[in-house]
Amino acid sequence: MAPRIALAPDPHGPGGRLQPLDDAGAPLGPPEAVRDLGAAVAAREAAGQPAGGARPPGPRWVWAAADSAYAPLLPRLPERLARCHDLRLVEALLLAHEGRFGAPRSLGAAWCRLRGLPVPEDLPEPGLAEADGGQDTLFAPDRLQLPPGADPLAAVVAVHAEQQRRIAAIADPAARQRFRLLVAAESAGALVAAEIADDGLPWRTDVHDRLLTELLGPRPAVAGTQPRLLADLAVEFQRALGTKPFNPDSHTQVLRAFAEAGVPLGSTRSWELKGVDHPAARLLVRYKELSRIHVAHGWAWQDAWVRGGRFRPEYVVGGVVSGRWASRGGGALQIPRILRRAVVADPGWLLVVADAAQLEPRVLAALSQDAGLARTAAGGDLYEALAATAFQGDRDKAKLGLLGAMYGQTSGDIGPLLNTLRRRYPAAMGYVEAAARTGEDGGTVASRLGRVCPPPSADFLDLTEADTAGEAGGRTARARGRFTRNFVIQASAADWALALLAALRRRLNELAPTGSADRPRLVFFQHDEVIVHTPANLADEVAAAVAEAGDEARRLVFGDTPVRFPLSTAVVECYADAK
DNA sequence: TCCTCTTGCGCC
DNA sequence: AAAGGGCGCAAGAGGA
């Protein structure tokens, strides 16, 4: 069996073309046209797999981008594909690694670079805005940006071979090995994102509706009007100020009204309002909380995003420069905690909810190889262990200090905490401080697996030494330093999370009887947290798979380290009961 | 009317 | 006195 197969769907219809490749990307045979791409892919994926036995990995599927090649195929496949190489995602990783951050990454752009042709800009990601304009844009048959007449399969094959060459050209063998892992993990992320969008997160609209009604009042009959309790609260708030009527959603009008009532405010941020001794402040805080639920996750959101008892988020793999995922529409990564009540497993099914405990400080310990910090990260509660050794048992101080070190915080009473950390954990603190200095000097930093941060803006690079010694320039430089300081942590945590997803996905697929509808499904991912929706009888095995996947990710990304990356796992019917 | 910027808050 | 990283989303403000 060929280790890799290039795949290009026909722009219209169910067919497509395939071509077997070796690991370097050289063709092992001629292109083959098939009438039913789903059936052809499934046959090659299953080839040589004995029924019920341990599965040898299928071929690594090579395609332009998962959303055009994998998502349409998913409903037609009896089982999930094991592995892929997503050219668009890998192109972005390579461009950043090569110091060409932000260059167009579509298949067409990569192919034109290869051929010395003018490189087309990437198209904006299709979102709701374009969907409003009609389906043509959203479901355009070709977003690959290939010039007219170019053969998509030939472009896939050529760009893939070139990417493999660029990866092989990474001089340091260990760095090359880690980058290969990054390429595989990022591509696995593309599979997961497409599958989550296909399966969806179980969402009980009746529970959601009841919650909204309790908080806001019954759903207004006329769309666009405020529900009763929210409108009442707005009136009560304005009465408490005793001024002329104004729009409570306008911060400028709210500030003016408070000033007229003799309460000057710097802003209408809730943390500031909470310190204001006036009845109207408390009412405004409550109004803003409820109003936010209404506008961001109310009935309109439900109408737009929940179908058939499932919330189908649109994830953008690698959408954040650090490698975190972003989302497009639906706010998948910002679901308010209170709405977790509405996430309920189907009858006979359960949710396995797992989140990595204190991921970022553990990443710092593993990255810096600080022996002392690693000891605190070898067991359960890292902050507790840190507090016991360095902060007289004060866990809050330990947490505040360590987070401050990773974010570059200098405000408040954090100075003494940082000094303590610097004394006790010089390697760890030296690691983030070196990253900060690199940023302040205009350099770039990279994650453990080799995801490189964007370069500073041209404005920053134009700053002279005199500028950075001054106030405005110094502020800019320190902001860049905070960014690179945090990047090494956040991006390496994202490396680990991607490896976790890949390892967990493989284990879940091995748990399931081939072709069965009753198989566990990854239905949610949020930076350091996963939810698996599983038949109840498999929940324990899924929980075990999560733990094993966490340890596999640790091994793959950080190798031989005493640091552990435990996941706290809950098996529940309702997401809200997980913590 | 359309568009961009700012504000503020949700999540990690 | 202020001095924390990364996002997405909705609404208002204000200019074109």
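Numbers restart at 1 for each chain; the letters A, B, ... are given by sequence-line order, proteins then strands.
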A:Glu289 has an atom CD; how far is it from atom P of B:dG8, in whole Å? 16 Å

From the list B:dT7, C:dG8, C:dG6, which nucleotide is the closest neighbour of the side chain of A:Arg292? C:dG8

Of the nucleotides C:dG6, B:dT7, C:dA11, which has the atom closest to the A:Val295 side chain? C:dA11

When you measure from the side-chain N and O atoms of A:Asn247 to the phosphate of C:dG12, is any distance below 4.0 Å, counting only OP1 and OP2? yes

Do A:Glu272 and A:Ser267 have side-chain atoms, one donor and one acceptor, less than 3.5 Å apart? yes

A:Gln526 CD to B:dG10 P: how many Å, rounded? 14 Å

At less than 4.0 Å, is any side-chain N or O atom of A:Gln253 found next to OP1 or OP2 of C:dA13? Yes or no. yes

Where the side chain of A:Asp249 is concerned, which of C:dC7, C:dA11, B:dC12 is the nearest nucleotide? C:dA11

Can you say whether a donor on the side chain of A:Arg324 sits under 3.5 Å from an acceptor on the base of C:dC7, or the other way round? no

Distance check, P atoms only: B:dG10 and C:dA2, in whole angstrom units. 22 Å

Rounded to whole Å, CZ of A:Phe246 lies from C1' of C:dG12 at a distance of 14 Å

A:Lys288 side chain: which of B:dC11, C:dA3, B:dC9 is closest? B:dC9

Integer-rounded Å distance: C:dG4 C1' and A:Leu417 CG: 14 Å

Between P of B:dC9 and CD1 of A:Ile338, the distance in whole Å: 17 Å

Between C:dC9, C:dC7, C:dG12, which nucleotide gets closest to the side-chain atoms of A:Ala326? C:dC7

Using the side-chain heavy atoms of A:Gln409, tell me which of these nucleotides is nearest: C:dG4, B:dG10, B:dC9. C:dG4

Indicate yes or no for a side-chain donor-acceptor contact from A:Trp301 to the backbone of A:Val295 under 3.5 Å, with no hydrogens or angles considered. no

Under 4.0 Å, counting only non-hydrogen atoms across every strand here, what does A:Arg340 touch: a base, just sugar-phosphate, or nothing? sugar-phosphate

Round to the nearest Å and state the distance from A:Tyr315 atom OH to B:dC11 atom C1'. 12 Å

Is A:Ser250 close enough to C:dA13 that one of its side-chain N or O atoms is under 4.0 Å from OP1 or OP2 there? yes

For A:Met406 and B:dC12, give me the distance from atom CE to atom C1', rounded to whole Å. 12 Å

When you measure from the side-chain N and O atoms of A:Ser322 to the phosphate of C:dG6, is any distance below 4.0 Å, counting only OP1 and OP2? no

What's the closest nucleotide to the A:Thr410 side chain, out of B:dC12, C:dG5, C:dG4? C:dG4

Under the criterion of centre distance below 5.5 Å and interplanar angle below 30°, is A:Tyr407 classified as stacked on the base of C:dG5? yes

CZ/A:Arg239: more than 12 non-hydrogen atoms of other groups inside 6.0 Å: no

Answer with base, sugar-phosphate or nothing: what part of the nucleic acid does A:Gly408 contact at a heavy-atom distance below 4.0 Å? sugar-phosphate

Less than 4.0 angstrom between a side-chain N/O of A:Thr252 and OP1 or OP2 of C:dG12, yes or no? no

Between OH of A:Tyr287 and P of B:dC9 the distance, given in whole Å, is 13 Å

Nucleotide of C:dG5, C:dC9, B:dC12 approaching A:Asp528 most closely (side-chain heavy atoms): B:dC12

Which value, in whole Å, describes the distance between the P atoms of nucleotides C:dA1 and B:dC9? 24 Å

Can you find a donor-acceptor pair, distance only, under 3.5 Å between A:Arg337 side chain and B:dC11 base? no

Counting the atoms with a prime plus P, OP1 and OP2 as sugar-phosphate, which does A:Ile335 contact under 4.0 Å by heavy atoms, base, sugar-phosphate, or nothing? sugar-phosphate

Using modelled atom types and a 3.5 Å cut-off, is there a donor and acceptor pairing between side-chain atoms of A:Thr243 and backbone atoms of A:Ala257? no

Is the ring pair A:Phe311/A:Trp203 parallel, tilted or perpendicular, if the boundaries are 30 and 60 degrees? perpendicular

Given the side-chain rings of A:Phe246 and A:Phe237, with only the six-membered ring counted for Trp, is the space between their centroids under 6.0 Å? yes

Quick note, A:Pro336 side chain, CB onward, closest among B:dC11, B:dG8, C:dG5 is B:dC11

Might you work through the salt bridge (charged side-chain N to carboxylate O under 4.0 Å, His left out) test for A:Asp199 and A:Arg521, ending with a clear yes or no? CA-CA 7 Å; A:Asp199 285 328; A:Arg521 296 145 196 266; 2.7 Å; yes

Ignoring hydrogens and angles, are the base of C:dG8 and the side chain of A:Gln334 linked by a donor-acceptor pair under 3.5 Å? yes

